[in-house]
Protein chains: 2
Amino acid sequence: MTTGSGYDPDEYPRVAVTVDLVVLTLRDGELCVLLVERGEEPWRGARALPGGFVRPDETLDAAAARELVEETGLRDVPGHLEQLRSYGDPERDPRMRVVSVAYLALAPDLPEPAAGSDAAGASWVPVDQASAGPLAFDHARILADGLERARAKLEYTSLATAFCPPEFTVSDLRAVYEAVWGRPLDPRNFHRKVTGTPGLLADTGRTRAEGRGRPATVYRAGPATGLHPPLTRDG
Amino acid sequence: MTTGSGYDPDEYPRVAVTVDLVVLTLRDGELCVLLVERGEEPWRGARALPGGFVRPDETLDAAAARELVEETGLRDVPGHLEQLRSYGDPERDPRMRVVSVAYLALAPDLPEPAAGSDAAGASWVPVDQASAGPLAFDHARILADGLERARAKLEYTSLATAFCPPEFTVSDLRAVYEAVWGRPLDPRNFHRKVTGTPGLLADTGRTRAEGRGRPATVYRAGPATGLHPPLTRDG
DNA sequence: TTGTTTGTCGTCATCTCGACGATAAAGGAG
DNA sequence: CTCCTTTATCGTCGAGATGACGACAAACAA
């Protein structure tokens, strides 16, 4: 902030501040990220993270939430939204100095972004494919940081429920972990862990049959936000 | 960032971007933070985190490192420096829109900032006192976030060594944990944990007598960066 | 020499986890 | 209806980590 010496608003370099979003969801058991196709230079035709400029009287969080609803075409902000980190290399945008505050959003399975809306040109891309293909600006780095944050937070928070609809089964939750971590988990040990963590799951008393197999108990997210001890990735 | 539609550099609100620093160190076994006294309005006379504007051709990391050496008056950046998060409420600075990228720095016991240099007016303040007294702008919040980050990272990284000089004893390292967490740890269990973690400590083969008691083995920081499993705060 | 202080090693009960066997409850094939 | 497959859930066992704490080692002080 705002150091003491010699303040004059016109003396200081002004930069543009944007928010970029890493929006993750699960589609058909696959972890996907929302990408847009750029219509202009630089990086015309390349895929990029959705984002936009922060408005003059808007909080950073509010700007991220606004962009999220604009790009997904939904009414409310679904799931979870948190600040990731900021990126401000002088070279990251050839046009001018742009500092971008990246946000991470996690959402339950969302519909394909509607064409015709602001969300036109946006699409869900499996993260393996998105990480492989080139992305505009430094968005590959931002995506990688967002993925790492998501993977890490599943270990020690109840954030996985943000990928689930309001009611879900233990198998649904396990599918989240398996998709985000890209690794199968033992159903029995996973069940023991999540049902044994106080406050993580709230039993609705109902069950749901999904075709084959024994019906599963239906839960809602409980009040707990942290996992102690954590659920580790390594194995 | 950098959404597609209608780009024109002059259309967009420009804001000032600053870096603010949460610099932590240990002095006499007490966790302290570097604060400056503001010489002008707003918040004249109040204490604030050190910081300043990001220069036009400077990386955010470089700006943080530059401010750090300017405010501490040291040659090199000691210890550890990482981005914390960004703060951009429209109301946080009454003069204009300022987005601040906060950084967290951890350093071994540093000398009192020299008067007469840029660091004049800066001083080390015990964190309990700093958290209690009022701070300029939203710096109380930034300090709280920085402290929480530091406390959390001691759990699962080898970051505590950043508070130590190049050579240190297990007791020195334990003193770091106790100061940052504000809680005593069992010397025997702590010793077992840190000496049992491969790559965390590199034995110099020497010992050091600090007055009373049996001399302690002197270590350097090893190549390990993470603690698996973590060293938890709760107990 | 004796006591005090600090560092280091061991012991033990407890907790958690990973591996994996066993049972429960559904649908489908015959 | 009966057997088989599939998924959900419960139990058991051994390995590893942890917290509480006893014991010994190696320095200084009185």
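In what follows, chains are A, B, ... by sequence order, proteins preceding strands, each numbered from 1.
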Under-4.0 Å side-chain N/O to phosphate OP1/OP2 contact, A:Ser171 with D:dA8: yes
Short side-chain N/O contact to D:dA17 OP1/OP2 from B:Lys193, under 4.0 Å: no
Between B:Thr59 and B:Asp61, a side-chain donor and acceptor under 3.5 Å: no
Any B:Arg192 side-chain N or O less than 4.0 Å from OP1/OP2 of D:dG19: no
Touch class at under 4.0 angstrom, heavy-atom based, for A:Gly211 against every strand present: sugar-phosphate
Sugar-phosphate, base or nothing in reach of A:Ala216, heavy atoms under 4.0 Å: sugar-phosphate
Distance below 4.0 Å between A:His191 side-chain N/O and D:dA8 OP1 or OP2: no
Salt-bridge present (B:Asp145, B:Arg149; N to O < 4.0 Å): no
Touch class at under 4.0 angstrom, heavy-atom based, for B:Arg214 against every strand present: base
D:dT9 OP1/OP2 closer than 4.0 Å to side-chain N/O of A:Thr217: yes
Touch class at under 4.0 angstrom, heavy-atom based, for B:Arg174 against every strand present: sugar-phosphate
Parallel, tilted or perpendicular: ring planes of B:Trp181 versus B:Tyr177, cut at 30 and 60 degrees: perpendicular
